[in-house]
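Reviewing the structure listed below.
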Amino acid sequence: MRIVLDIPSKALDLDHTMSCGQVFRWTKSGDWWLGTLGKALVRMRQKELCLEIQSSTPISRSMVESYLRLDDDLSQILRELLKDRTFRRVTESVQGIRVLRQDPWECLVSYIISRNCNIPMIRRVLNNLCQRFGEEIVWSNHVGYSFPTPESICEAELLDLTKCRFRYGKRQALELKEMAKLVCEGVIDFDMLKMMPYVEAKATLMSLDHGVGNKVADCVLLFSLEKLEAFPVDVWIARAVVQLYRSHIRPDLVRRVNTKSPLTPQDYRGLSHFGRLHFGRYAGYAQEYLYHWKRIQENRCASEFA
DNA sequence: ATCCAGGATATCT
DNA sequence: AGATATCATGGA
């Protein structure tokens, strides 16, 4: 399959999009990115304005276009964000990032696991999880694993889950099992969450009380539940915002970020609220550009994807 | 050795 | 409401 990206609204930089820390399971070998979409093992590569896609089993063009959010008019989104002159500095070095439309269950699990971890570790743990509880997919010389279904996690033994070596072992194994159960029972209904307004959907996710706080909720909302106004805040975003928008941020918060003291819940609300207010309905897009820009600046993206 | 990474939560005051 | 302790991996 080929997708031609010959108009600005369809602009894309596959490398930046795959490596900017929103997804964790894609790997790059040569110029091909290899990953899974549903139960298909997929590889894609970009040459200038042409995207080439191959898969182990047939997948539809609309499935790929949806995943890459090619339905978003990127030139229009950036036109809105670039009304802020400061943001231009960011897009001088980072271009073509798209927020991906992830599967909500995979996204939820990924960000529950992500707590207090760096990206290589998140990748390792997720791979452990998929190898143990997903389905093996063999495709010529490639081997991959589909993401475990909620049912498979629901039925998993706690001891087997902990073998995935989560950051917070047994505690997170329990959280995943509880979440899987709620999804299986229909208590968590991702289609409902997609239809709710941002604030309501976020409150619903956080009220479940199984490892979803402010940050995880915002990531899941942005990356899988159509809330492009969500503005997740981690240490990198805090540093980027303090560096670029210092005058908008309370001095004591600036000092705490600069001294690398832990972010309090109020700090989170302050920074996330600033993001949504300042960048508007596409704050989540701005967030991804800021995040990747700051990590490149601090030299933290050195090839973690082999 | 110490510090740090896409934090959340229970338990204090 | 706000501060604090706890959870407990693995790389630099």
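Quick caveat: nothing in here was measured; it's all calculated off a predicted structure. Sequence lines set the chain letters: A, B, ... in the order given, protein chains first and strands last, and positions in each chain run from 1.
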**Asked** Taking CH2 from W293(A) and P from dG6(B), how many angstroms apart are they, rounded to a whole number?
**Response** 16 Å
**Message:** Rounded to whole Å, please give me the gap between CZ in R300(A) and P in dC3(B).
**Reply:** 15 Å
**Message:** Would you say Q266(A) places a side-chain N or O within less than 4.0 Å of OP1 or OP2 belonging to dA1(C)?
**Reply:** no
**Message:** Using a 4.0 Å cut-off on heavy atoms, which residues in residues 173-182 of chain A reach DNA chain C? List them by number, or say none.
**Reply:** none
**Item:** Test side-chain contact (heavy atoms from CB on, under 4.5 Å) applied to I113(A) and V216(A), L108(A), L126(A), the passing residue
**Value:** L126(A)
**Request:** Output every pair passing side chain to side chain donor-acceptor pair (under 3.5 Å) with a member in residues 185-196 of chain A, not counting sequence neighbours, ordered by first then second residue.
**Result:** none
**Donor-acceptor side-chain pairing of S272(A) and R276(A) below 3.5 angstrom** = yes
**Letter per nucleotide, 5' to 3', of nucleotides 5-12 of chain C [B base touched, S only sugar-phosphate touched, - untouched; heavy atoms, 4.0 Å]** = --BBBS--
**Item:** Rounded distance in Å - CD1 (I122(A)) to C1' (dG7(B))
**Value:** 11 Å
**Prompt:** When we call it a touch if two heavy atoms are under 4.0 Å apart, what does R269(A) touch: a base, just sugar-phosphate, or nothing?
**Reply:** nothing
**Request:** Step through it carefully: locate the ring centre of Y282(A), locate the ring centre of Y289(A), and say whether they are under 6.0 Å apart.
**Result:** no
**Value in whole Å for how far the C1' atom of dG7(B) lies from OH of Y268(A)** = 10 Å
**Message:** Let's see if you can work this out: which of dT9(B), dG6(B), dG2(C) has an atom nearest to the side-chain heavy atoms of D234(A)?
**Reply:** dG6(B)
**Prompt:** For C20(A) and M206(A), take the nucleotide of DNA chain B holding the closest heavy atom to each; which residue's nucleotide lies nearer the 5' end?
**Reply:** C20(A)
**Prompt:** What base-paired stems does DNA chain B take part in, with at least 3 consecutive Watson-Crick or G-U wobble pairs and both distances under 3.5 Å?
**Reply:** B:2-5 with C:9-12, B:7-13 with C:1-7
**Prompt:** Quick one: are the ring centres of F147(A) and F133(A) less than 6.0 Å apart?
**Reply:** no
**Message:** Closest-nucleotide mapping onto DNA chain B: is V212(A) or Q22(A) further toward the 5' terminus? I mean the 5' end.
**Reply:** Q22(A)
**Message:** Between P on dA5(B) and NZ on K215(A), what's the gap in Å once rounded to a whole number?
**Reply:** 12 Å
**Asked** How is V125(A) classified with respect to the nucleic acid when contacts are heavy atoms under 4.0 Å: base, sugar-phosphate, or nothing?
**Response** nothing
**Message:** Can you give me the closest heavy-atom contact between S224(A) and Q102(A), atom names plus distance?
**Reply:** CB-O, 3.3 Å
**Prompt:** Please give, in whole Å, the distance from dA8(B) P to Q172(A) CD?
**Reply:** 11 Å
**Asked** Does the ring of Y291(A) lie flat against the base of dG6(B), closer than 5.5 Å centre to centre with planes under 30°?
**Response** yes
**Asked** Does any residue of residues 271-289 of chain A have a heavy atom under 4.0 Å from DNA chain B, and if so, which ones, in number order?
**Response** Q287(A), E288(A)
**Prompt:** Parallel, tilted or perpendicular: which describes the rings of F279(A) and F231(A), with under 30° parallel and over 60° perpendicular?
**Reply:** parallel
**Prompt:** Would you say I112(A) and L205(A) are hydrophobically clustered, going by side-chain heavy atoms of ILVMFWY under 4.5 Å?
**Reply:** yes
**Fill in**
In whole angstroms, the gap separating C1' of dA8(B) from CG of L263(A) amounts to 14 Å
**Request:** Please list, chain by chain and in numerical order, all residues satisfying ring pair (Phe, Tyr, Trp, His ring centres under 6.0 Å) with W139(A), sequence neighbours excluded.
**Result:** H142(A)
**Prompt:** Once you round it to whole Å, what is the distance between C1' of dG6(B) and CG of L221(A)?
**Reply:** 15 Å
**Prompt:** Will you find, in the side chains of D234(A) and Y268(A), an N or O donor that is under 3.5 Å from an N or O acceptor?
**Reply:** no
